[in-house]
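Quick notes on the structure that follows.
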Amino acid sequence: MTTFDVVVRGGTVATAADRFTADVAVADGRIAALGHDLAGAEVIDATGKLVLPGGVDGHCHIEQRSAAGVMNADGFESATASAARGGTTTVIPFAAQPPGASLAEAAADYHARAARGAIVDYALHLILADPRPEVLTNELPPLVEAGHASLKIFLTYDIRLDDERALAVFAAARRHNLMVCVHAENHAMIAWLRERLVARGHGDARYHATSHPRHGEAEAVHRAIALARLVDQPLMIFHVSCTEALAEIRRARAAGVKLFAETCTHYLTLTRDALARDDGRGAEWICSPPLREAHDVEALWRALEDGTLATVSSDHAPYAADATGKYGAGPAPAFTDVPNGLPGLAFRLPLLFDAMVRRRGLRLEDFVRLTASEPARVYNLHDRKGSIAIGKDADLAIWDPTRRVTLAHALAGDGAGYTPFEGLEVQGWPVQVLRRGETVVQDGEVTAAPGSGRFLPRRGGEAAEPSGRPVAEMDAGRNFGAKLL
Ligand code: DUC
Ligand code: ZN
Ligand code: ZN
């Protein structure tokens with residue numbers, strides 16, 4: 001009888017398609033067998049537990065500066081340790097090109113830092129803040145060759161791209177089979193409102209939400225889709241926060257556009273009331289797009305159920321609740337002086353498990369799909385990540401569905417010093433987490449070495465392939481023979 005390296009025995013294994021009782025056997029870091037009475041050099045008793053694929057967080061910021069230059073409160077070690085504590089074993093943070101700088105140098109810099117610190121496996125999205133021709137022509141192809149397969153662009157902030165540059169990125173992405181992720185908000189509306197609000201003395205955190213109008217998000221979603229559609233480039237719309245943006249996504253899908261969209265844990269669990277707290281800590285809930293209203297929360301849940309939204313990420317963007325982060329401009333800063341973002345890597349899975357499976361009536365399989373399998377598929381990591389099947393990496397979260405936990409920052413262990421989810425009670429918790437068969441977290445203790453996480457080189461894959469349905473103007477058969485791509 002074969003003795004495997006590790007056997008996780010007797011748990012209920014869940015995938016995006018199914019659940020069943022089985023032992024999971026690991027050899028050389030991969031799932032080698034699913035069955036009964038399997039023998040292992042190390043045996044982990046999972047009786048009464050769920051055995052879930054480790055989470056895949058397709059959008060988080062690690063060791064990155066805010067739009068205004070404030071450094072995240074987390075390095076790769078603390079961020080990925082907090083991800084692992086919450087059952088996430090794959091992350092996709094960013095390599096951010098500063099305007100005017102080299103994309104290749106930015107990527108090399110993030111690679112070096114991730115290689116030193118990461119505890120879980122990772123890929124990187126490349127942020128293109130300055131897609132000048134030599135960056136797209138000379139710097140991008142070797143990065144694609146090295147295994148980068150997704151880009152992020154912004155339509156707001158100082159690093160925003162105008163429509164022409166966005167189109168240039170979409171066309172380059174199409175040439176190289178890359179997914180493009182978009183931060184879609186209308187910059188002019190935000191700038192105009194910020195100026196007026198501050199001039200009229202409305203600098204309190206609650207006006208951050210006022211300064212990011214919901215139809216400005218919808219407008220930018222619409223525009224990004226229209227531009228990408230011209231060159232038949234699939235998009236991922238990041239951090240969808242409101243009903244109006246969902247309507248744009250549904251309309252485009254109904255018209256046959258190939259499009260993915262995510263929302264984030266905080267848009268599903270919090271509202272803009274957090275910005276108007278009477279203890280003066282509203283800055284700690286400032287993120288962009290902003291937290292919206294209760295009816296948006298409900299609309300986002302419906303969009304998860306009907307398939308409009310494909311994935312849920314953390315958008316972990318931690319800034320410490322002190323003068324190095326949220327309060328760099330003083331203890332009562334104007335919202336315009338507060339870096340945008342919330343910590344969330346650690347609690348994404350516990351919050352979503354509790355909300356989806358216990359309170360909202362989604363199936364356990366839906367939870368696995370939205371938090372692991374589908375992000376793995378969209379970012380073309382699914383040959384190794386996001387499911388429990390023979391040949392996949394043995395990334396497993398052994399989950400106690402009965403454990404009740406009151407969320408507190410100490411459980412997250414990230415660098416932010418606070419959690420926006422403080423005091424929320426959840427049921428369901430990862431008691432042991434394996435990455436490639438190695439236990440990386442046991443009862444909240446991180447046991448893996450910094451730098452033991454690996455880079456995951458990948459291609460764009462099927463999700464990034466064009467739909468094959470060009471608009472008439474780009475179709476040589478219908479545009480008098482002009483070949484434009
Ligand atoms: N966009 C993000 O994707 N994350 C944090 C802040 C932001 O604007
Ligand atoms: Zn963004
Ligand atoms: Zn983000």
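Atoms within each ligand, like the ligands themselves, are counted from 1 in listed order. As a basis for the values below, the full set of heavy atoms in this structure was taken, side chains included, without hydrogen atoms, waters or symmetry mates.
At least one N, O or S atom of His59, from either the backbone or the side chain, sits less than 2.8 Å from the Zn ion (ligand 3).
Proximity of Pro93 to Leu124: side-chain heavy atoms (C-beta onward) are separated by under 4.5 Å at one or more points. The shortest side-chain heavy-atom distance between Ile286 and Tyr319 does not fall under the 4.5 Å cut-off.
The Zn ion (ligand 3) is closest to atom NE2 of His61 (considering only N, O or S atoms).
The existence of a salt bridge linking Lys258 and Glu462 is confirmed by a sub-4.0 Å separation between a basic side-chain nitrogen and an acidic carboxylate oxygen.
Checked against a 6.0 Å centroid threshold, the rings of Phe238 and His125 count as neighbours. Checked against a 6.0 Å centroid threshold, the rings of His239 and Tyr267 do not count as neighbours.
Here the protein contributes Lys152 NZ, His183 ND1, His239 NE2 as N, O or S atoms under 2.8 Å from the Zn ion (ligand 2).
For residues 133-175, the ring pair (Phe, Tyr, Trp, His ring centres under 6.0 Å) pairs, not counting sequence neighbours, are His111-His148, His148-Phe455, Phe154-Tyr157, Phe154-His183, Tyr157-His183. Counting only residues at least two apart or in different chains, ring pair (Phe, Tyr, Trp, His ring centres under 6.0 Å) contacts with residues 194-221 comprise His202-Tyr207, His208-His212.
Each of Arg435, Arg436, Arg384 was evaluated against Asp121; a single residue qualifies, Arg436, per the side chain to side chain donor-acceptor pair (under 3.5 Å) test.
A distance limit of 4.0 angstrom between heavy atoms and ligand 1 selects the residues His59, His61, Lys152, Tyr157, His183, His239, Ser288, Asp315, Ala317, Asn340.
A pairwise comparison of heavy atoms in Asp232 and Ser467 identifies OD1-OG, 2.8 Å as the closest pair.
Annotation: cation-pi pair Arg196/Trp192 present, NZ/CZ under 6.0 Å from the ring centroid and within 45° of its normal.
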